[in-house]
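Right, one structure below, let's go through it.
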Amino acid sequence: MSEKVNTSSNFIKNIVKEDLASGTHNEIITRFPPEPNGYLHIGHAKSIVLNFELADEFGGRTNLRFDDTNPLKEDREFVESIKEDIEWLGYEWDGLHFASDYFEEMYDRAVLLIKKGLAYVEDLSQEEIRAYRGTLTEPGKESPSRSRSVEENLDLFERMRAGEFKDGEKVLRAKIDMSSPNINLRDPVLYRISHTRHHNTGDKWCIYPMYSYAHPLEDAIEGVTHSICTLEFEDQRPLYNWVVEKCEMEATPKQIEFARLNLTNTVMSKRKLKQLVDENYADGWDDPRMPTISGLRRRGYTAEAIKQFCREIGVAKSDNTVDVRMLEHFIREDLKMKAPRTMSVLHPLKVVITNYPEGEVEWLDAEVNPENPEMGMRKIPFSREIYIEQSDFMENPPKKYFRLFPGNEVRLKHAYFIKCNEVIKDEDGNVIELHCTYDPETKSGSGFTGRKVKGTLHFVEASQAKEAEFRLYNPLILDEKEGNDFMDQVNADSLEITRGYVEPNMSEAGPHDKFQFFRHGYFNVDPKYTSEDKLVFNRIVELKSSFKL
RNA sequence: UGGGCUAUAGCCAAGCGGUAAGGCACCGGAUUUUGAUUCCGUGAUUCGCAGGUUCGAAUCCUGCUAGCCCAGCCA
């Protein structure tokens, strides 16, 4: 299968085309700039696909840059998992950088700002700064520190760096406009003091730059031409441009904002995902119900399906909530030709074929994937005792029920027609076994046309069956449930674990092998819980079905 | 209510003054040894609303309405 190319347009692509046509840029350079303080999720994937494929389409380059300007929250652990996820998605970054690589240059540029009278060291406390900032509708007022001399500012800033002050005692601010209607321009903080060890620079620094100061410099230093971020940074664009200009950066990156991804039945914020993990609603960040890249991977989503989804949802500026069924569509489409078909019984019901010879096992021919004949054939056993799905039998079925019921005949996939003659129940009245007869003339592939049957069931032969565990997932979040707290929307039934049977040849299956369980859906061998003597499958997604009881 | 942004079908989304792409979902129908797949068909006289400009407007102008974001020494 060849990689699909996104031919559709979006406003960012249009900007890039214009910049190339006008000669503003000869090469496109983008970057994916995660903060190493958590795991990547499908929303990040949207940004990753956008940045990497946009540059690639126009022969440009994309850097991976960790925005590690806040050592209080960041950790090495996350840079490794982020790199792993990007690589798994199949992208190769051009340069691998850290914001912290540029701390020295950022410091020098701050000194430049001070010398130009465009930055000053603030004595006011955090609370006072907030009070002086004004409100959304009222202008702020200027701090007494604002009129400090360049010399004094230079001295104070140097002493901030030297560690002479405690956390929060001083701060470096840009001198812009305290009465700006855009609050981001009311003398924003550029540097704060934090005597915190940094995962990259150790104890070298005790002052750290703020995002709004650091980010534009990082982009400019790397020669990024199009700095793509999400909508909430729109108000910061004037500040972004101010920093690039006043710091006299050679390159002039352009910040472009797009709407982040929202998915139905899903929460995407790091805070909420963390809460689900911390309160044990999820089995870690890679729980198959999580929208994290690692969760989707464990669930069984392929990189190709995730990427194709990201390409097809488009890029725009309007708030959006994409139907999660669209994501499901792309994994079905990707696995349709790739995944071997196999029969598994998730909720077993024993069936005895009373007219089949005892002790005999015959091996039937079955296609591995009828949609992809190149995948060849396999052998499956058949004998007197088999398991079928509990939901494939009803003692008193409604109309249009094509499956097994007393007196009805159905086809067993790859095998024979069987007819239900007797229902065995336990003392509580539960159906525990069926007695059926088969018709040897109806063998699959024999060309039998004597009579037709409405239903085809899957089965697993009992003596050769291999036991397995199935983990059936439902949405973690229920949109239709209302609540003030998103935790009220957590689905109490998001995981069903069953034990059943798979075909004997499944003993060869290993972690991350993907299958289509006939009439059920696509499943992935779980890499965490599968062991030598235990096969565990994650249901990636069900097959679509128009069947309604 | 200061500033920024957004509004095209149930959900995404293209469109850039010449008469509404595409995908998902849904619903029909055909084929089917998966109630799957595949195939075929169906939905906007209309683009948040109201005016205006124009031979012609989703596209330009004016006014309104609704939603999202901003008052971290987070990113």
Side-chain angles (χ1 to χ4, degrees), chain A residues 7-11 14 33-35 37 67-70 72-74 122 125-126 129-131 133-140 167-173 179-186 188-194 207-208 210-212 214-215 229-238 257 259 261 264 270 309 311-330 332-333 336-337 341 343 366-367 370-371 400-403 410-415 417 442 444-445 452-458 516-521 542-548:
Chain A
T7 50
S8 69
S9 190
N10 64 58
F11 79 101
N14 292 341
E35 181 186 17
N37 72 341
D67 216 343
D68 55 349
T69 57
N70 185 358
L72 243 26
K73 293 187 173 178
E74 296 147 7
E122 176 64 88
S125 69
Q126 188 165 177
I129 289 176
R130 179 158 46 237
R133 186 149 36 218
T135 69
L136 294 178
T137 51
E138 298 162 286
D167 289 9
E169 208 176 323
K170 303 261 187 258
V171 95
L172 184 75
R173 301 178 73 175
S179 62
S180 171
N182 181 348
I183 290 187
N184 293 290
L185 264 20
R186 318 242 261 235
V189 172
L190 266 24
Y191 270 91
R192 76 285 214 177
I193 297 171
S194 179
I207 57 171
Y208 292 97
M210 300 290 291
Y211 166 89
S212 45
H215 207 88
C229 63
T230 44
L231 250 29
E232 66 270 24
F233 293 101
E234 218 157 11
D235 289 340
Q236 297 209 30
R237 194 163 68 231
E257 313 84 11
L261 168 68
T264 57
K270 264 176 207 167
F309 168 76
R311 295 178 189 120
E312 294 294 333
I313 54 176
V315 177
K317 294 190 70 161
S318 56
D319 290 326
N320 62 84
T321 303
V322 176
D323 195 326
V324 73
R325 287 179 297 185
M326 191 151 162
L327 213 210
E328 296 175 344
H329 162 79
F330 286 104
R332 285 194 194 99
E333 186 175 271
K336 185 172 58 194
M337 300 297 281
R341 268 51 166 173
M343 296 198 287
E367 313 95 326
E371 310 212 37
K400 296 245 200 144
Y401 185 80
F402 304 155
R403 283 111 97 139
V410 297
R411 181 197 301 276
L412 290 178
K413 179 73 179 173
H414 301 306
F417 287 11
T442 59
S444 210
K452 293 212 188 292
V453 102
K454 284 284 237 181
T456 299
L457 311 188
H458 60 277
Q516 187 203 90
F517 288 172
F518 213 76
R519 299 205 305 138
H520 279 304
E542 288 183 274
L543 251 28
K544 289 212 289 185
S545 172
S546 56
F547 174 62
K548 299 172 208 76

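Everything numeric here is computed off the predicted structure, so don't read it as measured data. All chains are named by letter (A, B, ...) in the order of the sequence lines, taking the proteins before the strands, and each is independently numbered beginning at 1.
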Checklist entry - Hey, does A/Leu231 reach any base, or is it just sugar-phosphate, or nothing, if we go heavy atoms under 4.0 Å? => result nothing
Checklist entry - What does A/Tyr208 touch in the nucleic acid at a heavy-atom separation under 4.0 angstrom: a base, only the sugar-phosphate, or nothing? => result nothing
Next on the checklist: Using the P atom as the point on both nucleotides, what is the distance between B/C60 and B/C69, in whole Å?
Outcome noted: 27 Å
Item to check | Sugar-phosphate, base or nothing in reach of A/Thr264, heavy atoms under 4.0 Å | outcome: nothing
Checklist entry - Just checking A/Asn14: base, sugar-phosphate only, or nothing, at a heavy-atom cut-off of under 4.0 Å? => result base
Next on the checklist: Is there a side-chain contact between A/Arg519 and the phosphate of B/G35, meaning an N or O under 4.0 Å from OP1 or OP2?
Outcome noted: yes
Next on the checklist: Students often get this wrong, so: under 4.0 angstrom with heavy atoms, is A/Glu35 touching a base, only sugar-phosphate, or nothing?
Outcome noted: sugar-phosphate
Next on the checklist: Would A/Arg519 pass as a cation-pi partner of A/Phe547, given that its NZ or CZ must be under 6.0 Å from the six-membered ring centre and within 45 degrees of the axis?
Outcome noted: no
Checklist entry - What's the closest nucleotide to the A/Asn320 side chain, out of B/C74, B/A36, B/C12? => result B/C12
Checklist entry - Of all the choices, B/G72, B/U38, B/A75, which nucleotide is nearest to the side chain of A/Glu232 once you look at every atom? => result B/A75
Item to check | Candidate pair A/Leu72 and A/Tyr208, rule side-chain contact (heavy atoms from CB on, under 4.5 Å), full reasoning | outcome: CA-CA 11 Å; A/Leu72 243 26; A/Tyr208 292 97; over 6 Å; no
Item to check | Listed nucleotide nearest any side-chain atom of A/Asp67, set B/A75, B/G2, B/A14 | outcome: B/A75
Next on the checklist: Once you apply a heavy-atom cut-off of 4.0 Å, does A/Gly445 come out as touching a base, just sugar-phosphate, or nothing?
Outcome noted: base
Checklist entry - Can you check salt bridge (charged side-chain N to carboxylate O under 4.0 Å, His left out) on A/Lys73 and A/Glu35, steps first, answer last? => result CA-CA 9 Å; A/Lys73 293 187 173 178; A/Glu35 181 186 17; 5.9 Å; no
Checklist entry - Would you call the rings of A/Phe518 and A/His414 parallel, tilted or perpendicular if under 30° counts as parallel and over 60° as perpendicular? => result tilted
Checklist entry - Using a cut-off of less than 4.0 Å, is there contact between a side-chain N or O of A/Ser212 and OP1 or OP2 of B/A75? => result no
Checklist entry - So what does A/Gln236 hit on the nucleic acid, given a heavy-atom distance under 4.0 Å: a base, only sugar-phosphate, or nothing? => result base
Checklist entry - So does A/His458 get a side-chain nitrogen or oxygen closer than 4.0 Å to the phosphate oxygens (OP1/OP2) of B/U34? => result no
Item to check | A/Ser125 backbone acceptor or donor facing A/Arg130 side chain under 3.5 Å | outcome: no
Checklist outcome for this item: Testing B/A14, B/A25, B/A71 for proximity to the side chain of A/Ala316, the answer is B/A14
Checklist entry - How is A/Val315 classified with respect to the nucleic acid when contacts are heavy atoms under 4.0 Å: base, sugar-phosphate, or nothing? => result sugar-phosphate
Checklist outcome for this item: Closest of B/C26, B/A13, B/U1 to the A/Thr137 side chain is B/U1
Checklist entry - Any donor-acceptor pair under 3.5 Å between the side chain of A/Gln516 and the base of B/U34? => result yes
Item to check | Side-chain donor/acceptor contact of A/Arg403 with base of B/G35 under 3.5 Å | outcome: yes
Next on the checklist: Closer than 3.5 angstrom, by distance alone: can the side chain of A/Glu74 be matched with the main-chain N or O of A/Asn70 as a donor-acceptor pair?
Outcome noted: yes
Checklist entry - Atom CD of A/Glu371 and atom CZ of A/Arg341: how far apart are they, to the nearest 0.5 Å? => result 5.0 Å
Item to check | A/Lys544, nearest nucleotide to its side chain (from B/A14, B/U34, B/A25) | outcome: B/A25
Next on the checklist: With a 4.0 Å limit, can you tell me whether A/Arg411 has a side-chain N or O closer than that to the phosphate oxygens OP1/OP2 of B/U34?
Outcome noted: no
Next on the checklist: Taking B/G41 as the reference, what is the distance to B/U33 when you measure between their P atoms (whole Å, please)?
Outcome noted: 24 Å
Checklist entry - Below 4.0 angstrom from OP1 or OP2 of B/G2, is there any side-chain N or O of A/Thr135? => result no
Next on the checklist: Base, sugar-phosphate or nothing for A/Ser179? Non-hydrogen atoms, less than 4.0 Å.
Outcome noted: nothing
Checklist entry - Which nucleotide in the list B/C24, B/C74, B/C12 gets nearest to the side chain of A/Met210? => result B/C74
Item to check | Side-chain heavy atoms of A/Asn184 within contact of A/Pro238, under 4.5 Å | outcome: no
Checklist entry - Given B/C74, is OP1 or OP2 found less than 4.0 Å from the side-chain N or O atoms of A/Thr69? => result no
Next on the checklist: Looking at the base of B/U34, is there any donor atom on it, or on the side chain of A/Arg341, that sits under 3.5 Å from an acceptor on the other one?
Outcome noted: yes
Item to check | Spacing of A/His458 atom NE2 and A/Leu412 atom CG [to the nearest 0.5 Å] | outcome: 10.5 Å
Checklist entry - Out of B/A71, B/G15, B/C73, which nucleotide sits closest to the side chain of A/Arg192? => result B/C73
Checklist entry - Contact class for A/Leu457 vs. all strands (heavy atom < 4.0 Å): base, sugar-phosphate, or nothing? => result nothing
Next on the checklist: Angle between ring planes, A/Tyr211 versus A/Phe233, binned at 30° and 60°: parallel, tilted or perpendicular?
Outcome noted: tilted
Checklist outcome for this item: Among the nucleotides B/G72, B/U6, B/G4, whichever has the atom closest to the side chain of A/Arg130 is B/G72
Next on the checklist: Counting only side-chain nitrogens and oxygens, does A/Lys336 get under 4.0 Å of the OP1 or OP2 atom of B/U38?
Outcome noted: yes
Next on the checklist: Given B/A25, B/A71, B/G3, identify the nucleotide with an atom nearest to the side chain of A/Leu136.
Outcome noted: B/A71
Checklist entry - Can you list the stems that include RNA chain B, where a stem is three or more consecutive Watson-Crick or G-U pairs with distances under 3.5 Å? => result B:2-7 with B:65-70, B:10-12 with B:22-24, B:27-30 with B:38-41, B:48-52 with B:60-64
Checklist entry - With sugar-phosphate meaning primed atoms plus P, OP1 and OP2, does A/Glu371 contact a base, only sugar-phosphate, or nothing at under 4.0 Å between heavy atoms? => result base
Next on the checklist: So A/Lys400, base contact, sugar-phosphate only, or nothing? Heavy-atom distance under 4.0 Å.
Outcome noted: base
Item to check | Base B/G3 paired with A/Asp235 side chain (donor-acceptor, <3.5 Å) | outcome: yes
Checklist entry - Would B/G72 be called syn or anti, given that syn covers angles within 90° of 0? => result syn
